[in-house]
Protein chains: 2
Amino acid sequence: MPSRYDSGMSDASVEHLAATLDLQTVRVVRQIAEHGSLTAAAASLGYSQPAVSQQLQRFEERTGIALVERVGRGIRLTESGRVLARHAFAVTTALEAAAGELAEIRGLRAGRVRLVAFPSASATLVPRLIASLASEYPGVAVTYVEAEPPEAVEAVRADRADLAITFSYPGDRDDPHRASARGLDVRAYGDEPMQLVLPEGHPAAESDVIMLDRLAGEPWIAGCPRCRGHLLELAGAAGFTPRIAFETDNFVAVEGMVAQGLGVALLPALALEASPRHPGIVTRPTARADVRSLHLVTARGAERVPAIGATLAALEALAAG
Amino acid sequence: MPSRYDSGMSDASVEHLAATLDLQTVRVVRQIAEHGSLTAAAASLGYSQPAVSQQLQRFEERTGIALVERVGRGIRLTESGRVLARHAFAVTTALEAAAGELAEIRGLRAGRVRLVAFPSASATLVPRLIASLASEYPGVAVTYVEAEPPEAVEAVRADRADLAITFSYPGDRDDPHRASARGLDVRAYGDEPMQLVLPEGHPAAESDVIMLDRLAGEPWIAGCPRCRGHLLELAGAAGFTPRIAFETDNFVAVEGMVAQGLGVALLPALALEASPRHPGIVTRPTARADVRSLHLVTARGAERVPAIGATLAALEALAAG
DNA sequence: CGAATGCATGCCGTCGCGTTATGATTCCGG
DNA sequence: CCGGAATCATAACGCGACGGCATGCATTCG
């Protein structure tokens, strides 16, 4: 014969109980344990007294677990109530720890951003960026690795980096705007002028700008594979196929070779800025003012990550300054 | 100049953030961290996919904290998301621990009940009660202390006991039904017959029941103060004032004195049951079938505490059996 | 014995939070 | 290169949880 004293749901599962435990009840019970009365708990939580009263009633009806019992004109926690209050401390403490860390990240007092950029940015753009971030947000950790555009984009996709600085040139078959960056955010970050590099005294250097086809017969010193692709693209448009005499991805070496009269080269402006101007060379823009485009690649929505947003903002400031 | 990349709420307080952290988001993020996709997290939580999608959006709008970023056709957690996921484990673990303990109590596999009862119940009612509880609910801890009714009620009020077994007699000025138990629950637990105790061979023992006034001239052996009060009350109703020859709260001693012919006594049935019948005495009910009433006193609503409810049910079963 | 205290109750408006249906991308296989 | 599957976002909608306020009831205190 069932007693009138059984709860009627004594065998409900622990999982279901955990799923129906709500934070409000946990907070309420914690405050009741600390203040001893329902009214004081309500005031402490910024609620009206009936609110917490109903909160408890809903919980008790839902779970069949009595948390408080009336005594006189007040209440006190039952055994279950005290048990929950004890755990409530652990729960709210863990939540506050989480909130603290999130606030640190949101306030840019913590966080990290993993940069990846092409090599010629390593000596110019990236150091300035890192210095700017470090002085403004000392709590944000910045890491940096070098990688050519295709690998850089892949690093973002595979979550090995947060922000990739890439470049592309018109006609580039690996243009980050195209398929390789599908599902990512790509921001244009301005254009970088291409500079022709000639030995001092080269006849073509007499004019301020140079038609590319004037150098059709020169031996060329090519850079990295993609830079070489850009050269071939531009030369093709100008109606000739350049004769590649040397190849190296070391820009300083390129300048040295040009100074030695071994050939001419086409270098992006950043590469030339990376080191003090090598003696014995001159640089001229192309007549068509050719450029390569810079891009910032992130996961979609990543600008809302404070550290990444701050990095994007710093990059904008660098471009403007 | 504010950048377009700032969140717009970077200085909101940690307290506010902790207050707006909700359990659903914590659970969702935990599942996303474990399953890697929003759809799988939804399935794991038993929700539809849009539900968790909106849950995340609401959180991000409320707090300005991005938890996920899109990549390809999927998502991944941001830095903040991973931080929250890490803490989410602590939070849900603490909640599950709480749920587990509550379920144990609800399922009567744990819990405690603190009993307090009057002395003559110690040897009869209480042992049977404890034995019954111990065999049916081995996980429930039972403690017991002896106290006379006024102190027993006070123990419940002061949270030194959960359940008091008390008695009262008609006209009792300390009747638990009255002011002393204000704000508590009082349940009637039947009546206990009062028995007159006479030495063997006493002339009044020849009849099956005894009119109290037949013993008006006898010396009386009184029990505890309240028992003495009951005797005075009944004798007063019968028209005489008993002459108290001895007083002791030791019921066995009372029986011994009666057996020695030192007087007669009025004892409750439970006191007589507590020990084997003392030789040389006989017991008879009073002609008016006088009784004292038993009561069970708890905090209001305490019957919903599983261990206390089970104790009440066990007491009912004992009374019925 | 009236005033004050503490909790419960009833009523009600709002909005959080689910659902289903549908759209927009992305990825994959033929 | 082109459907189809997979994944998340969006829209529309309904319900119930959850607040507040006003009020009632029991207890306690002066």
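Quick note on labels: first sequence line is chain A, next is B, and so on, each numbered from 1. This structure is a prediction, so every number in the text was calculated from the model and none was measured. As a basis for the values below, the full set of heavy atoms in this structure was taken, side chains included, without hydrogen atoms, waters or symmetry mates.
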Mind jotting down which residue pairs meet the salt bridge (Lys or Arg N to Asp or Glu O under 4.0 Å) criterion with at least one end in residues 64-75 of chain A? Sequence neighbours excluded, please. Glu69(A)-Arg76(A)
Hits for salt bridge (charged side-chain N to carboxylate O under 4.0 Å, His left out) against Glu34(A), two or more places apart or cross-chain, chain-then-number order -> Arg30(A)
With a 4.0 Å cut-off, would you call [X] and [Y] a salt bridge?
X        : Y         : answer
Arg82(A) : Glu79(A)  : no
Glu60(B) : Arg304(A) : yes
Asp22(B) : Arg27(B)  : no
Arg58(B) : Glu61(B)  : no

Does OP1 or OP2 of [N] have a side-chain N or O of [X] closer than 4.0 Å?
X         : N       : result
Thr39(A)  : dC7(C)  : yes
Arg182(B) : dT28(D) : yes
Gln57(B)  : dC17(C) : no
Ser53(B)  : dA9(D)  : yes

I need a per-nucleotide contact map over nucleotides 18-24 of chain D, read 5' to 3'. Cutoff is protein heavy atoms under 4.0 Å; write B for the base, S for backbone only, - otherwise. BSBBB--
Whole angstrom is fine here: how far is it from CG in Leu56(B) over to C1' in dT7(D)? 14 Å
CD1 of Ile32(A) versus C1' of dG6(C): gap in Å, rounded? 12 Å
Name the pairs: protein N/O against N/O of nucleotides 1-5 of chain C, kept only if under 3.5 Å.
from	atom 1	to	atom 2	distance (Å)
dT5(C)	O2	Arg73(A)	NH1	3.4

Strictly by side-chain hydrogen bond (donor to acceptor under 3.5 Å, both in side chains), give each pair with a member in residues 93-102 of chain A just once, sequence neighbours left out. Glu101(A)-Arg86(B), Glu101(A)-His87(B)
Ranking Arg300(B) and Gly36(B) by the position along DNA chain D of their nearest nucleotide, the one closer to 5' is Gly36(B)
Ranking Gly74(B) and Gly183(B) by the position along DNA chain D of their nearest nucleotide, the one closer to 5' is Gly74(B)
Taking all non-hydrogen atoms of both residues, which atom of Leu56(B) and which atom of Leu67(B) are closest, and how far apart? CD2-CD1, 3.9 Å
Distance-only donor-acceptor check, side chains Tyr47(A) and Gln24(A), under 3.5 Å: yes
Under a 3.5 Å cutoff, is there a donor and acceptor pairing between the side chains of Gln49(A) and Thr39(A)? no
Bend angle of the helix from dC1(C)-dG30(D) to dG30(C)-dC1(D), end axes from five pairs each (to 10°): 30°
Whether Tyr169(A) and His230(A) hold their rings parallel, tilted or perpendicular, with breakpoints at 30° and 60°: parallel
